[in-house]
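Notes for the one structure printed next.
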Amino acid sequence: MTTRVLIVDDQAMVRAGFAALLAAQADIDVVGEAPDGAQGVELSRRTRPDVVLMDVRMPEMDGLEAARRLLSPPPGVTHRPRVLMLTTFDVDDYVYEALRAGASGFLLKDAPPADLIAAVRVVASGEALLAPSVTRRLIADFARQRPAARGKPALRLKALTERETEVLTLVARGRSNTEIAQTLVLAEQTVKTHVSRVLTKLDLRDRAQAVVFAYESGLVAPGE
């Protein structure tokens with residue numbers, strides 16, 4: 001199956017480079033490019049991509065606001081693409097807020113070409129791009145700067161079973177399904193089922209939001 005990708009970045013050379021790289025892949029189709037968030041949102045509505053590569057800092061409308069509009073569309077708009085944030089910094093407050101809004105992860109602009117291609121495929125498959133340690137550090141850094149919101153987020157944890165809480169804790173620590181299965185002595189398919197139930201019960205879109213939720217609810221403390 002071909003993955004449809006939209007590239008949103010204010011630098012023409014960056015857009016052209018990413019487009020050429022991705023278009024050369026047999027399973028990826030670049031459906032459009034936009035120079036700012038506002039045009040990116042409008043183009044996404046028309047082209048309905050599976051994944052949007054979204055620069056963080058842009059004129060007119062930044063990537064954060066654009067991601068919010070794509071991931072929380074107005075009534076009547078049903079298309080919600082996966083959003084992969086692009087940044088030149090490994091720690092960026094904008095990226096943290098984008099993850100809270102529902103972005104599926106982020107990637108440094110100077111990452112190797114193979115990493116960009118792999119990231120698009122991972123996000124398109126429905127997974128969050130949480131493997132790089134930078135993502136976990138980013139979330140931990142900003143969670144440390146904000147006191148855990150132990151009100152409503154903590155109350156939502158009560159909806160989980162003990163096993164689901166264990167699984168969420170391990171997800172927040174960056175463990176893969178295979179690693180969680182080994183730690184809890186479960187079948188990997190069983191872990192996938194638990195993760196799916198956690199996301200459904202907490203009304204979270206993917207693992208990226210689950211990690212943010214775990215920190216903000218106080219389930220996992222920064223530095224653990």
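Just so you know, these numbers use all the heavy atoms, side chains as well, and skip hydrogens, waters and symmetry mates.
Side-chain contact between Leu64 and Arg68 is present, with at least one heavy-atom pair separated by less than 4.5 Å. A 4.5 Å side-chain heavy-atom check between Arg15 and Pro35 finds at least one atom pair inside the cut-off. A 4.5 Å side-chain heavy-atom check between Leu108 and Thr87 finds at least one atom pair inside the cut-off. Annotation: side chain of Leu186 is not in contact with side chain of Ile180 (no heavy-atom distance under 4.5 Å). Between Glu65 and Asp62 there is a side-chain heavy-atom pair separated by less than 4.5 Å. Contact annotation: the side chain of Thr161 never approaches that of Arg197 to less than 4.5 Å [non-hydrogen atoms, C-beta and beyond]. The shortest distance between side-chain heavy atoms of Ile117 and Leu22 falls below 4.5 Å.
Taking CG of Asp9 as the reference point, atom CD of Glu33 lies at 9.5 Å (rounded to 0.5 Å). To the nearest 0.5 Å, atom NE2 of residue His194 and atom OG1 of residue Thr165 are 11.0 Å apart. Atom CZ of Arg80 and atom CG of Leu70 lie 10.5 Å apart (nearest 0.5 Å). Of the inter-residue distances, the one linking Leu116 atom CG with Leu21 atom CG reads 5.5 Å to the nearest 0.5 angstrom. Taking CE of Met54 as the start and CG of Leu107 as the end, the distance is 14.5 Å to the nearest 0.5 Å. We find the CG-OG1 distance between Asn177 and Thr190 to be 11.0 Å, quoted to the nearest 0.5 Å.
Scanning both residues, Phe18 and Leu86, for their nearest heavy atoms gives CE1-CD1, 3.6 Å. The two residues Met58 and Asp55 come nearest to each other via the heavy atoms CE-O, 3.4 Å. Shortest non-hydrogen contact noted between His79 and Pro73 is O-CG, 4.3 Å. Here the closest non-hydrogen pair linking Ala67 and Val83 is CB-CG1, 4.2 Å. Residues Pro49 and Val5 approach most closely at CB-C, 4.2 Å, considering heavy atoms. Contact detail for Ala172 and Ala214: the closest heavy-atom pair is CB-CB, 3.4 Å.
Contact check on Arg156 versus Asp203 returns no salt bridge, with no Lys/Arg side-chain nitrogen under 4.0 Å from an Asp/Glu carboxylate oxygen. Contact check on Glu42 versus Arg45 returns no salt bridge, with no Lys/Arg side-chain nitrogen under 4.0 Å from an Asp/Glu carboxylate oxygen.
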**Q.** Worked verdict on Leu184 versus Leu170 for side chain to side chain contact (heavy atoms under 4.5 Å, CB included)
**A.** CA-CA 10 Å; Leu184 300 180; Leu170 293 173; 3.9 Å; yes
Q: Take Arg82 and Val51 through the side chain to side chain contact (heavy atoms under 4.5 Å, CB included) test and state the conclusion after the steps.
A: CA-CA 5 Å; Arg82 299 275 173 177; Val51 176; 4.3 Å; yes
Q: Under the side chain to side chain contact (heavy atoms under 4.5 Å, CB included) rule, what do Leu219 and Thr169 come out as? Steps first, then yes or no, please.
A: CA-CA 7 Å; Leu219 177 65; Thr169 299; 3.5 Å; yes
Q: Would you sort out whether Leu160 and Val198 count as a side chain to side chain contact (heavy atoms under 4.5 Å, CB included), showing the intermediate values?
A: CA-CA 7 Å; Leu160 303 182; Val198 167; 4.3 Å; yes
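Counting only distance, with no hydrogens or angles, the side chain of Asp50 and the backbone of Arg4 share a donor-acceptor pair below 3.5 Å. Side-chain atoms of Ser72 never come within 3.5 Å of backbone atoms of Arg69 as a donor-acceptor pair (strictly under, hydrogens ignored). Glu179 places a side-chain N or O within donor-acceptor distance of the main-chain N or O of Ser176, the cut-off being under 3.5 Å. Counting only distance, with no hydrogens or angles, the side chain of Ser196 and the backbone of Lys192 share no donor-acceptor pair below 3.5 Å.
Results of the side chain to side chain contact (heavy atoms under 4.5 Å, CB included) test with Leu53 over Val120, Val30, Val123 single out Val120 as the only residue that passes.
Counted by atom type alone, Ser104 and Asp206 present one or more donor-acceptor pairs between their side chains at under 3.5 Å.
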